[in-house]
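What follows is a single structure, written as structure tokens, with notes after it.
Computed over heavy atoms, backbone and side chain alike; hydrogens, waters and symmetry mates excluded. In what follows, chains carry the letters A, B, and so on, assigned in the order in which the sequence lines appear, proteins first and then strands, with residues in each chain numbered from 1. Given the structure is predicted, the values throughout are model-derived calculations rather than measurements.
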Protein chains: 2
Amino acid sequence: MPKVSDQYREARRDEIARAALRVLARNGVRDTSIADIVAESGLSTGAIYSHFSNKAELARYVVGRFLLPRIDALESAGRSGQLVTPRQALQGMLSVFAEAGLSPALVLQFWGEAMVEPGLHDEMLRTAAHLRASLALAIGPWARTRTSDETDAASLAAETARSIAALAQGYIANTAVFGPRAVDEYLEGAAAVLAS
Amino acid sequence: MPKVSDQYREARRDEIARAALRVLARNGVRDTSIADIVAESGLSTGAIYSHFSNKAELARYVVGRFLLPRIDALESAGRSGQLVTPRQALQGMLSVFAEAGLSPALVLQFWGEAMVEPGLHDEMLRTAAHLRASLALAIGPWARTRTSDETDAASLAAETARSIAALAQGYIANTAVFGPRAVDEYLEGAAAVLAS
DNA sequence: ACCTGAACACCGTTCAAGT
DNA sequence: ACCTGAACACCGTTCAAGT
């Protein structure tokens, strides 16, 4: 298979996925029809279906490609041995998230969709696994200050990454439903509740 | 208007809503069609539409009626002056939630749906307002140990209630996506992250 | 190989006709 | 007044026919 053609296919899939994301951001998951994506992309129904076998596969591609922000800065900080605390990692992740322009409302809709679409759920777990691995790397130095055993440190980092994810999910769901809120305010409020 | 007839109407709406909830729990929000609810309820299409003007109104009714657990025990503890901390209130709420048999997956789907259905969003905010008021009442004595001014105590209780809600949402979204987790574990993990 | 767009099965909703 | 179920517009998906 010539590489040019593969590149072309991938570029075409990306073009369709970007058109889909624009409609999704505008109308939401439920109210985005294939007809809308056809109109937004300027292609035809059949053209979409010659690049994605169905709507679910397109959704999976969008999630895998655009739904999670990269947290390279955090990761390299951890790699260079800088002490990133879990709280700083959470704060950094939420800030990157906000800067990436990902709408909490759209993310929440995809979570809901994943409850009913196993392939999308799998893709989300895969994408989340990357994020957790990045987080674990970032807080690695912190974990090693808490235990001398390397295996213990790794599992502490992994468990902590799940808690960071849970807090991030809380922030996203809460701002989506109840309106925007500053990350710092949210962290202070949550800390006060848990310390009480 | 005779009262009997009103009661009958309400009972009929409830009967339809309960049938809808059974299908929703089984198939999820996206994959529940009116035809499914017709089959589950044993009524006809027109019968459903003579009690609810559309699918959205039925969803709103289900959410208002079944989506949030009652936390009477917590509320009366607060009313009687017992010192309920925010953390205990959160823990109590999540326990009641789990005992009520409300599937986190279904709740997450409704949150997503609310992002695209303004009437459902409104109903959710209304239901959440009741819950927050109950929480505020429950943690009232705690708030008054923190400040002598009654107005300050009320606003502290209200702000704290939002943070409790955010943490509860995090627990629900996290368990829905990543699988069940003990409430205590979640609370310990989150506290460790925020204290770091 | 990629693309076109008409055709098909199914969805939410309406409405004339029944009790 | 409540209910029936056929009819309608729209959705996701398929497929014969084009380049």
Legend entry - B/Trp142 side chain reached by B/Leu156 side chain, heavy atoms, under 4.5 Å: yes
Inset, instruction - Could you let me know what C/dA7 is paired to, Watson-Crick or G-U wobble, both distances under 3.5 Å, or none if it's on its own? - result: D/dT13
Inset, instruction - Examine D/dC3: is either OP1 or OP2 under 4.0 Å from a nitrogen or oxygen in the side chain of B/His51? Give yes or no. - result: yes
Inset, instruction - For B/Asp36 and C/dG12, give me the distance from atom CG to atom P, rounded to whole Å. - result: 8 Å
Legend entry - Donor-acceptor contact present, side-chain A/Gln109 to main-chain A/Ala105, <3.5 Å: yes
Inset, instruction - Determine whether A/Leu68 and A/Val63 make a side-chain contact, defined as any pair of heavy atoms from C-beta on separated by less than 4.5 Å. - result: no
Inset, instruction - Give the rounded distance in Å between these two atoms: CD1 of A/Ile34 and P of C/dC3. - result: 15 Å
Inset, instruction - Examine distances only and state if a side-chain atom of A/Arg13 and a backbone atom of A/Phe52 form a donor-acceptor pair shorter than 3.5 Å. - result: no
Legend entry - Whole-Å distance separating the CG atom of A/Asp6 from the P atom of C/dA1: 13 Å
Inset, instruction - Measure the CG-CD1 distance between A/Asn54 and A/Ile48 for me, rounded to the nearest 0.5 Å. - result: 12.5 Å
Legend entry - Of the listed nucleotides D/dT4, C/dC3, D/dC3, the one nearest the side chain of B/Tyr8: D/dC3
Legend entry - Close approaches to DNA chain D from residues 107-116 of chain B, in residue order (heavy atom, under 4.0 Å): none
Inset, instruction - Tell me, please, which residues at least two apart from A/Asp14 pass side chain to side chain donor-acceptor pair (under 3.5 Å). - result: A/Arg18, A/Tyr61, A/Arg65
Inset, instruction - Measure the shortest side-chain to side-chain distance between A/Val96 and A/Arg70 over non-hydrogen atoms and say whether it is less than 4.5 angstrom. - result: no
Inset, instruction - Figure out the OH/P separation between B/Tyr49 and D/dA6, and round it to whole Å. - result: 17 Å
Inset, instruction - Verify the contact: side-chain N or O of A/Thr45 to OP1 or OP2 of C/dG5, cut-off strictly under 4.0 Å; return yes or no. - result: no
Legend entry - Closest to the A/Lys55 side chain, choosing from C/dG12, D/dT13, C/dT4: D/dT13
Legend entry - B/Ile48 CD1 to D/dC3 P, straight-line distance once rounded to whole Å: 9 Å
Legend entry - Pairwise 5' ranking along DNA chain D for A/Gly46 and A/Ala35, keeping only the more 5' one: A/Ala35
Inset, instruction - Write down the distance between CG (B/Asn54) and P (C/dT13), rounded to a whole number of angstrom. - result: 5 Å
Inset, instruction - Find the distance B/Phe52:CZ to D/dC2:P and express it as a whole number of Å. - result: 13 Å
Legend entry - Watson-Crick or G-U counterpart of D/dG18, or none if no pair lies under 3.5 Å: C/dC2
Inset, instruction - For C/dC2, take OP1 and OP2 only and decide whether either is under 4.0 Å from a side-chain N or O of A/Ser50. - result: no
Inset, instruction - Report yes if at least one side-chain N or O of B/Arg9 is closer than 4.0 Å to OP1 or OP2 of D/dA1; otherwise report no. - result: no
Inset, instruction - Would you mind reading off the distance between A/Arg30 atom CZ and C/dC11 atom P, rounded to a whole angstrom? - result: 16 Å
Legend entry - Check: B/Arg181 main-chain N/O paired with B/Thr175 side-chain donor or acceptor under 3.5 Å: no
Inset, instruction - Would you tell me if any nitrogen or oxygen in the side chain of B/Arg12 comes within less than 4.0 Å of OP1 or OP2 on D/dC3? - result: yes
